Amino acid sequence: MSTPPRFDRGHTDDLMTFLAASPSQYHAVANAAARLEKAGFRQVQETDAWDGTHGGKYVLRGGAIVAWYVPEDAQPHTPYRIVGAHTDSPNLRVKPQPDSGAYGWRQVAVEIYGGTLLNTWLDRDLGIAGRLTLRDGSHRLVNVDRPLLRVPQLAVHLDRSVNTDGLKLDRQRHLQPIWGLGDDVQEGDLIRFLEQEAELDEGEVAGWDLMLHSVEAPAYLGRDRELVAGPRMDNLLSVHAGAAALAAVSGSEDLPFIPVFAAFDHEEDGSQADTGADGPLLGNVMERSVFARGGTYEDRARAFAGTICLSSDTGHAVHPNYAERHDPTHHPRANGGPILKVNVNARYATDGAGRAVFAAACERAGVPWQTFVSNNAMPCGTTIGPITAARHGIQTVDIGVAILSMHSARELCGADDPHLLANALTAFLAG
């Protein structure tokens with residue numbers, strides 16, 4: 001195949017633009033789709049009949065996207081190479097009845113989504129973004145990307161033990177942001193405000209999926225700008241890299257596999273949704289692609305049996321202030337290249353065969369890589385990897401980029417690791 005482009009620090013610059021433009025999973029998939037459109041991909045509707053033509057296609061469903069490129073000589077039984085990721089991040093989400101307040105403060109009622117580090121949302125300037133559903137069933141994205149809300153921390157004078165006994169936050173009482181002054185709580189106030197922001201008529205919004213975000217822009221950090229600080233790296237860093245890798249290999253007609261990029265919603269709360277990895281979306285897309293190319297169930301079985309997925313999600317870099325929390329022989333470092341994530345209890349899907357696949361892709365890309373395993377005294381989290389492997393019966397390998405401050409409102413990674421990951425994913429998709 002023709003040599004795909006090699007990513008460099010320009011990719012990291014573009015990642016920061018992508019992070020800033022994607023304050024919600026809905027914005028993230030819209031931005032990923034726009035990038036794929038520029039590479040020649042076209043959207044197909046799940047409700048339409050699909051044809052077997054070659055080229056790049058993608059499906060959007062809520063906060064999830066599945067995109068794939070069919071080479072001209074692809075057979076119905078041609079296996080897939082999949083890069084999997086997730087679009088959602090832990091944050092504060094607006095409740096169904098959002099308008100609240102007390103003692104002259106106007107507030108917005110929020111619910112905690114995922115395993116967020118609660119203290120990182122304190123005393124930050126926050127915007128609000130997400131998806132508005134209109135009365136005709138259509139959707140409108142909204143993004144108020146300016147200081148609008150704030151979760152104020154209690155002053156030290158009123159909590160004298162905070163620096164000795166630690167900060168204690170009640171998830172219901174202490175995380176409700178303020179956004180103005182006033183004694184009268186007006187029902188519908190927030191939604192009327194957002195209708196104005198989205199240039200909609202009053203009363204046009206019938207439903208919403210809204211969340212808060214820090215308005216502080218992503219930035220290079222450090223003496224030599226070797227680090228990047230920014231929001232939602234878990235896991236938009238992988239979403240951005242996966243979309244870039246698929247776009248890079250598209251157009252090549254001698255691919256031995258059908259490359260796929262799949263990014264799901266709801267990973268942070270268990271993946272059990274129609275847009276989650278535990279839903280049918282990915283399997284439906286792959287099956288329909290087989291059948292659209294004239295395949296049979298036998299072809300479907302052959303294609304799935306030869307398919308491999310790299311589940312790309314962020315992992316833990318060794319923390320210099322808490323090194324004892326890490327496994328003593330596995331210390332992933334920033335800018336050390338992507339990590340292979342291993343857990344023998346199948347919290348990650350990697351096995352020895354998967355290790356060989358990942359190592360080969362990194363070798364072809366000229367990319368260094370590292371291994372992550374949890375300290376035995378601290379059970380690790382999980383990813384879409386084991387779910388993908390079990391649900392679809394396909395070989396899956398868990399990988400990612402090592403970061404600090406995971407699940408914070410603002411995370412930290414090495415500035416070279418995003419483009420190293422993208423190069424590894426490109427080599428993997430190219431076969």
Side-chain angles (χ1 to χ4, degrees), residues 12 15-16 18-20 22-25 28 85-93 112-127 150-151 153 162-163 166-169 171 175 211-241 267-269 312-327 330-339 341 370 372 374-375 378-383 399-418 420-421:
T12 305
L15 168 64
M16 298 198 303
F18 184 81
L19 292 174
S22 303
S24 77
Q25 65 269 45
H86 69 87
T87 62
D88 58 318
S89 300
N91 55 20
L92 306 180
R93 304 213 171 174
I112 297 165
Y113 175 79
T116 185
L117 281 171
L118 301 180
N119 65 296
T120 67
W121 289 87
L122 301 177
D123 296 330
R124 287 186 184 271
D125 295 338
L126 304 173
R150 186 179 179 93
V151 182
Q153 186 171 347
V162 66
N163 290 324
L167 177 65
K168 297 179 176 62
L169 294 173
R171 295 167 66 89
L175 273 297
M211 56 209 70
L212 309 190
H213 66 275
S214 171
V215 299
E216 185 180 2
Y220 285 106
L221 185 145
R223 184 192 65 182
D224 299 317
R225 292 164 55 89
E226 68 267 58
L227 300 169
V228 172
R232 299 175 295 280
M233 291 184 183
D234 180 11
N235 187 33
L236 295 190
L237 190 158
S238 295
V239 172
H240 177 258
E267 190 271 349
E268 298 292 357
D269 66 351
S312 182
D313 201 347
T314 55
H316 302 292
V318 60
H319 197 303
N321 300 338
Y322 301 91
E324 73 281 0
R325 305 291 181 97
H326 300 265
D327 183 84
H330 295 77
H331 286 167
R333 298 188 177 195
N335 287 337
I339 56 173
K341 301 161 78 171
Q370 311 174 80
F372 171 83
S374 288
N375 187 307
M378 294 188 176
C380 69
T382 190
T383 69
I399 67 162
V401 162
I403 69 171
L404 291 181
S405 305
M406 185 183 293
H407 288 195
S408 168
R410 194 168 178 86
E411 297 163 323
L412 185 72
C413 78
D416 291 329
D417 283 328
L420 293 175
L421 173 67

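Starting from 1, each residue takes its place in the sequence as its number. The structure presented is a predicted model; accordingly, all values stated were derived computationally and were not measured. The basis for the numbers below is simple: all heavy atoms, side chains too, and nothing from hydrogens, waters or symmetry mates.
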### Message
Is the shortest side-chain heavy-atom distance between Arg325 and His319 below 4.5 Å?
### Response
no

### Expected output: side-chain Asn235 to main-chain Thr87 donor-acceptor under 3.5 Å
no

### Message
Could you check whether any side-chain N or O of Thr116 sits under 3.5 Å from a backbone N or O of Leu118, counting only pairs where one atom can act as donor and the other as acceptor?
### Response
no

### Task
Could you check if a side-chain atom of Arg150 sits within less than 4.5 angstrom of a side-chain atom of Asp125, using non-hydrogen atoms only?
yes

### Message
Using 0.5 Å steps for rounding, measure from the CG atom of Asp417 to the CD1 atom of Ile339.
### Response
9.0 Å

### Message
Are Glu324 and Tyr322 packed together at the side-chain level, in the sense that at least one heavy-atom pair is separated by less than 4.5 angstrom?
### Response
yes

### Query
How far does CZ of Phe18 sit from CG of Leu236, to the nearest 0.5 angstrom?
5.5 Å

### Message
Tell me the closest heavy-atom pair linking Pro231 and Glu411, and the distance in Å.
### Response
C-OE1, 4.5 Å

### Query
Taking Ser238 for the side chain and Ser312 for the main chain, is one N or O donor matched with an acceptor at less than 3.5 Å?
yes

### Message
Please check: side-chain N/O of Thr12 versus main-chain N/O of Ala415, any donor-acceptor pairing under 3.5 Å?
### Response
yes

### Atom of Leu227, atom of Gly414 and distance for their closest heavy-atom approach
CD2-CA, 4.0 Å

### Message
Are the side chains of Asp327 and Phe372 in contact, using a 4.5 Å heavy-atom criterion?
### Response
no

### Task
Check whether any side-chain heavy atom of Met233 sits under 4.5 Å from a side-chain heavy atom of Leu19, and report yes or no.
yes

### Test item: Arg232 side-chain N/O and Ser22 main-chain N/O as donor-acceptor pair under 3.5 Å
yes

### Query
Quick one: CG on Leu237 to CD1 on Ile403, what's the gap to the nearest 0.5 Å?
8.0 Å

### Query
Do we see a donor-acceptor contact under 3.5 Å between the side chains of Asn335 and Arg333?
no

### Task
Could you tell me whether the side chain of Glu226 and the main chain of Asp224 form a donor-acceptor pair under 3.5 Å?
yes

### Message
When you measure from the side chain of Asp88 to the backbone of Glu267, do you find a donor-acceptor pair of N or O atoms at a distance under 3.5 Å?
### Response
yes

### Task
Find out whether Leu167 and Leu122 are in side-chain contact, i.e. whether some heavy atom of one side chain is under 4.5 Å from a heavy atom of the other.
yes

### Query
Which atom names give the shortest non-hydrogen contact between Ala229 and Leu221, and what distance separates them?
CB-CD1, 4.2 Å

### Query
Looking at CG of Asn91 and NE2 of His407, how far apart are the two atoms once the value is rounded to the nearest 0.5 Å?
11.0 Å

### Query
Is the His331 ring parallel, tilted or perpendicular to the His326 ring (thresholds 30°, 60°)?
perpendicular

### Query
Would you say the side-chain atoms of Thr120 pair up with the backbone N or O of Ala409, donor to acceptor, closer than 3.5 Å?
yes

### Query
With a 4.5 Å heavy-atom cut-off, do Ile112 and Leu92 have their side chains touching?
yes

### Query
Can you tell me how far the OG1 atom of Thr314 sits from the CD1 atom of Ile399, to the nearest 0.5 Å?
11.5 Å

### Task
List the atom of Leu420, the atom of Pro338, and the distance in Å for their closest heavy-atom pair.
CB-CD, 4.1 Å

### Message
To check you understand the geometry: which heavy-atom pair defines the closest contact between Ser24 and Met211, and what is its length?
### Response
CB-SD, 3.6 Å

### Shortest non-hydrogen contact from Pro218 toward Met16
CG-O, 3.6 Å

### Query
Is it the case that Asp234 and His86 place a side-chain donor and acceptor less than 3.5 Å from each other?
yes

